[in-house]
Protein chains: 2
Amino acid sequence: MNQRQALTAFAALSQETRLQIIRLLVVAGPEGLAAGALAEKVEVSPSNISFHLKELEHSGLIDAQRQSRSIIYTANYESLGGLIRFLMEDCCSGHPEICAPAAAVTTCCAPKMEEKLQ
Amino acid sequence: MNQRQALTAFAALSQETRLQIIRLLVVAGPEGLAAGALAEKVEVSPSNISFHLKELEHSGLIDAQRQSRSIIYTANYESLGGLIRFLMEDCCSGHPEICAPAAAVTTCCAPKMEEKLQ
DNA sequence: TTCATATTTCAATAATCCTCGAAAAATTGA
DNA sequence: TCAATTTTTCGAGGATTATTGAAATATGAA
């Protein structure tokens, strides 16, 4: 993930409807959600959800895949992880001792690592 | 960091000049940089840097502090960390096993933790 | 084929954001 | 006080982005 990609990812996440979509898709997991289901959940019109889904897809944060009449969207965990990495590396490129507390964040993703540290 | 705060933070980071500012301030550390110095480094006019600094300050990602004639800006590591946490918690609220690789990110911030795991 | 479902595309409008330059504030030194 | 330095504020413009509804596309079922 380079700076240009990060820019478009941040732009994609800086709109309420799109941020809601991402959060729903992340929770939905690999099975994803259809465009129509997303439109219902975030309460916007089909054409509007389509517009925002295209933006998110273009940024690489989500993937699309047709399944019968529906188009199923899924979160792209790699690019989400890449964005997090971009933020943290920026952080640490300066003064690691200052931003070390941010490392505590991992307790939600790496409980096993936490156990080992007990 | 709630969703509303994350939205404004993402909006703040979704503009090239502002992203450059953040990266410079993170590297600069607690001593920060004056508005004029930032304007030189990113090669924009004083009024333009002022506009973007205000946006960043409003989002909480940076802090300002007058020092003689200059105004020194510093990165706010807490809010940056909060944003990272927001992204990761979203990530993990779904399927932790999928986004666990993102935990590898911490190797840049918490070398000591890595050592313990050897 | 015809119809219903699901989604996208398009054009127009509305809203927001960015840039620029001139003027105004705040601070310091002569 | 006057002048120089540093930064901000303001208004106008141009550019980008969001919303809306109507029409088009794709798929599957009758």
Side-chain angles (χ1 to χ4, degrees), chain A residues 3-25 28 31-76, chain B residues 3-25 28 31-76:
Chain A
Q3 178 165 321
R4 199 186 51 74
Q5 293 173 309
L7 266 172
T8 70
F10 287 134
L13 295 174
S14 70
Q15 206 277 340
E16 186 168 15
T17 300
R18 290 196 292 261
L19 187 53
Q20 283 183 260
I21 292 173
I22 283 285
R23 303 186 83 179
L24 287 169
L25 290 184
E31 302 193 358
L33 286 170
L38 285 166
E40 267 189 23
K41 288 194 189 237
V42 289
E43 297 182 298
V44 301
S45 72
S47 81
N48 190 258
I49 205 94
S50 183
F51 170 78
H52 290 301
L53 286 169
K54 199 176 56 175
E55 294 279 307
L56 285 168
E57 194 184 358
H58 179 255
S59 78
L61 291 173
I62 68 174
D63 299 307
Q65 176 180 6
R66 169 155 245 135
Q67 188 172 303
S68 175
R69 272 188 286 220
S70 298
I71 296 186
I72 307 295
Y73 287 92
T74 47
N76 185 317
Chain B
Q3 179 165 323
R4 198 187 52 73
Q5 293 172 307
L7 264 171
T8 71
F10 286 133
L13 295 174
S14 71
Q15 207 277 340
E16 186 167 14
T17 301
R18 289 197 294 261
L19 187 53
Q20 283 183 261
I21 292 172
I22 283 285
R23 302 186 84 177
L24 287 169
L25 290 183
E31 302 191 358
L33 287 170
L38 284 166
E40 266 190 24
K41 290 196 184 235
V42 257
E43 298 183 296
V44 301
S45 70
S47 81
N48 191 259
I49 205 92
S50 183
F51 169 79
H52 289 301
L53 286 169
K54 200 176 57 177
E55 295 277 308
L56 285 168
E57 194 184 358
H58 179 255
S59 79
L61 290 172
I62 68 173
D63 299 308
Q65 176 181 5
R66 185 174 274 281
Q67 188 173 302
S68 176
R69 272 190 285 221
S70 298
I71 296 186
I72 307 295
Y73 287 91
T74 46
N76 184 315

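We name chains A, B, ... by the order of the sequence lines, and we start the count at 1 in each one.
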Members of residues 33-41 of chain B that approach DNA chain D, where some heavy atom sits under 4.0 Å away: Ala34(B), Ala35(B), Gly36(B)
Phosphate contact (dC18(C) OP1 or OP2) by Arg18(B) side-chain N/O below 4.0 Å: yes
Short side-chain N/O contact to dC17(C) OP1/OP2 from His52(B), under 4.0 Å: no
Rounded distance in Å - CG (Leu56(A)) to C1' (dA18(D)): 14 Å
side-chain contact (heavy atoms from CB on, under 4.5 Å) between Glu16(A) and Leu7(B), intermediate numbers included: CA-CA 7 Å; Glu16(A) 186 168 15; Leu7(B) 264 171; 3.8 Å; yes
Identified side chain to side chain contact (heavy atoms under 4.5 Å, CB included) partner of Ile22(A) from the options Asn76(A), Ile62(A), Thr17(A): Ile62(A)
Main-chain N/O of Ala6(A) paired to Arg4(A) side chain as donor or acceptor, under 3.5 Å: no
Nearest to side-chain heavy atoms of Ile71(B), which nucleotide of dT8(D), dC18(C), dA18(D): dT8(D)
Length of the line joining Glu43(A):CD and dT19(D):C1', which is rounded to integer Å: 16 Å
Rounded distance (Å) that lies between atom C1' of dT9(D) and atom CG of Leu53(B): 14 Å
Touch class at under 4.0 angstrom, heavy-atom based, for Ser45(A) against every strand present: nothing
Any donor-acceptor N/O pair under 3.5 Å between dG28(D) base and Ser68(A) side chain: no
Atom-to-atom span, CD of Glu16(A) to C1' of dT19(D) - whole angstrom: 14 Å
Sugar-phosphate only, base, or nothing, as touched by Thr17(B) at under 4.0 Å among non-hydrogen atoms: nothing
Minimum-distance nucleotide (side-chain atoms of Gln15(A) versus dA18(D), dT8(C), dT7(D)): dA18(D)
Below 4.0 Å: OP1/OP2 of dT5(D) and any side-chain N or O of Ser70(B): no
Beyond-backbone contact of Ile49(B) with Ile21(B), side-chain heavy atoms, under 4.5 angstrom: yes
Protein-nucleotide distance (Glu57(B), atom CD; dT9(D), atom C1'), rounded to Å: 14 Å
Closest to side chain of Ser50(B), choosing from dT8(D), dT8(C), dT9(C): dT8(D)
Below 4.0 Å: OP1/OP2 of dA25(C) and any side-chain N or O of Arg69(B): no
Euclidean distance, atom NZ of residue Lys54(B) to atom P of dC18(C) [Å, nearest integer]: 12 Å
Ser50(B) side chain vs Ser47(B) backbone, donor-acceptor pair below 3.5 Å: no
Separation of atom CD in Gln67(B) from atom P in dT27(C), rounded to whole Å: 13 Å
Test item: Lys41(B) and Gln20(B) side chains (from C-beta on) under 4.5 Å apart, heavy atoms: no
For the student: nearest non-hydrogen atoms of Ala35(A) and Leu53(A), plus distance: CB-CD1, 3.8 Å
Between dT8(D) (C1') and Phe51(B) (CZ): distance, integer Å: 13 Å
Phosphate OP1/OP2 of dT6(D) contacted by Tyr73(B) side-chain N/O (<4.0 Å): no
Side-chain (Arg23(B)) to main-chain (Leu25(B)) donor-acceptor, under 3.5 angstrom: no
